[in-house]
S.K.: 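I'd like to ask some things about the structure below.
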Amino acid sequence: MVRVNAYAAPSATEPLVPTTIERRDVGATDVLIEIRYAGICHSDIHTVRGEWGPITYPQVVGHEIVGVVAEVGSEVTKHQVGDRVGVGCLVNSCRECENCRAGMEQYCLNGNVGTYASVDRDGTITQGGYSTHVVVDQDFVLRVPESIPFEKAAPLLCAGITTYSPLAHWKAGPGTRVAVVGMGGLGHMAVKIAHAMGATVTVLSQSLKKRDDGLALGADEYYATSDPDTFAALKNRFDLIVNTVSAPLDMDDYLRLLRLNGTLVIVGAPPEELPVHAFALSGQRRSFAGSGIGGIPETQEMLDFCAEHGIAPETELISADYINEAYERVLGSDVRYRFVIDIATLA
Ligand code: NAP
Ligand code: ZN
Ligand code: ZN
């Protein structure tokens, strides 16, 4: 066991504070990673504030992790000391169910082990990436291509894969019209990836404040949802809508923007229900769907896709003592477009 520096939430209502946590000894198939950068995902905030249900405190969050391999177990074959690696939202799964065997560990039928706030195989609660080191089984460690700047790579491990997976599944590409709802951490990655896939991309944001950025990142059109004309102008337009918003929206309004056979996929995860009326779906044989992160093979595919297309997240590098302010800015939709913690400031 090794004790390492970390930033933890002491309760649902208090700010995060510096602390230390224990990391397990490096087992035969484990990799010890010296964390360099960790992204701040809105899910971290939902989790520490207990919005998705009660958790055990103190809790360290962070599931957008990149670092360098510092030690490997005796049976590790996939990674070597010195490799640039990443860890996303998953650190284990049963590996035996049909979904795990298909490389979709996020949908493990026996319950995957999340990078934080999950019960690990040794019965402890997993602690995330706002810390200097983490020990992870080699099968859940990704290779980070050299061409992706290290200080920008971390958000790919959640925001990148969470948007890549539905865009790939629902076949965003040339000739398809994709709308991205919300220009935050996930949303800005959805814009970049959908554009790189060849789709025509429209951003639906609360205001036009981030319009110039959206167009520069690859959007073809940008609309404010606060303008009621938007919903009339875009009726029956899109093949695919990716909703990244962390708060509840009127789903019927957005479903009506889908053309025949279009799909509205939810990746945002507000704790509230999202009611839908039958006619908003049946009117144009529309689908209402959801998607969760991505499996390990698809996460590697996404990293390689981003390297090939020169895609990296837009980030703001912060020191660990800025995490609580960063949370407030995320909650105020004031992030351009992902906060990344420089873990050197935790050492
Ligand atoms: P984020 O950076 O805060 O972005 C969310 C964006 O939603 C904001 O930038 C804002 O965009 C828009 N928004 C926020 N509040 C709104 C409101 N009340 N009404 C309308 N629009 C609003 O968050 P994120 O890290 O991208 O995460 C987004 C959501 O995805 C969270 O709920 C998170 O838990 C969830 N998530 C899910 C998965 C999954 O596997 N499905 C994975 C990761 C995250 P504008 O300023 O452009 O309006
Ligand atoms: Zn996340
Ligand atoms: Zn499984």
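Small disclaimer: the values here were computed from a predicted structure and weren't measured. Every number for a ligand or one of its atoms is a count from 1 in the order of the listing.
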S.K.: I'd like to know if the Zn ion (ligand 2) has an N/O/S atom from H63 within less than 2.8 Å of it, counting both backbone and side-chain atoms.
M.R.: yes

S.K.: Any idea which heavy atoms bring E51 and P271 closest together, and the distance?
M.R.: O-CB, 3.3 Å

S.K.: For I293 and ligand 1, does the shortest N/O to N/O distance drop below 3.5 Å?
M.R.: yes

S.K.: I need the atoms of ligand 1 closer than 4.0 Å to a non-hydrogen atom of H42, numbered in the order shown.
M.R.: 1 (P), 3 (O), 23 (O), 24 (P), 25 (O), 27 (O), 31 (C)

S.K.: Applying the side-chain contact (heavy atoms from CB on, under 4.5 Å) criterion to V340, which one of L317, V66, I40, I318 satisfies it?
M.R.: L317

S.K.: Going by distance only, is there an N or O of A269 that falls short of 3.5 Å from an N or O of ligand 1?
M.R.: yes

S.K.: Pick whichever of T244, L186, T163 has a heavy atom sitting closest to atom 28 (C) of ligand 1.
M.R.: T244

S.K.: Does Y107 offer a backbone N or O that forms a donor-acceptor pair with the side chain of N99 under 3.5 Å?
M.R.: yes

S.K.: Check ligand 1 against V330 and write out every atom of the ligand that is under 4.0 Å from a heavy-atom position of the residue.
M.R.: 3 (O)

S.K.: List every atom of ligand 1 that sits less than 4.0 Å from any heavy atom of C158, numbering the atoms from 1 in the order shown and giving each element.
M.R.: 42 (C), 43 (C)

S.K.: Between C89 and the Zn ion (ligand 2), is there a contact where an N/O/S atom of the residue lies under 2.8 Å from the metal?
M.R.: no

S.K.: Can you check whether L204 has an N/O within less than 3.5 Å of an N/O in ligand 1?
M.R.: no

S.K.: Would you please indicate if the ring centroids of F339 and Y327 are separated by under 6.0 Å?
M.R.: no

S.K.: For L249, counting its heavy atoms only, list the atoms of ligand 1 lying under 4.0 Å from any of them.
M.R.: 19 (N), 20 (C)

S.K.: Is any N or O atom of V335, backbone or side chain, closer than 3.5 Å to an N or O atom of ligand 1?
M.R.: no

S.K.: What atoms of ligand 1 come within less than 4.0 Å of a heavy atom belonging to W52?
M.R.: 34 (O)

S.K.: Counting only heavy atoms, tell me which of E64, H188, Q206 gets closest to atom 19 (N) of ligand 1.
M.R.: Q206

S.K.: Counting heavy atoms only, which of G184, A159, S205, P155 is nearest atom 4 (O) of ligand 1?
M.R.: G184

S.K.: Mark up the atoms of ligand 1 that fall under 4.0 Å of a heavy atom belonging to A247, in ascending order.
M.R.: 17 (C), 18 (N)

S.K.: Using heavy-atom distances, let me know which of H46, M183, R338 sits nearest atom 11 (O) of ligand 1.
M.R.: M183

S.K.: Using distance alone, determine whether S207 and ligand 1 share an N or O pair under 3.5 Å.
M.R.: no

S.K.: Taking F140 as the starting point, is it possible to reach Y116 by hopping between hydrophobic residues whose side chains are less than 4.5 Å apart?
M.R.: yes

S.K.: Regarding ligand 1, does Y222 bring an N or O atom to under 3.5 Å of one of the ligand's N or O atoms?
M.R.: no

S.K.: Sort out for me which residue in L346, I341, D44 forms a side-chain contact (heavy atoms from CB on, under 4.5 Å) with I323.
M.R.: I341

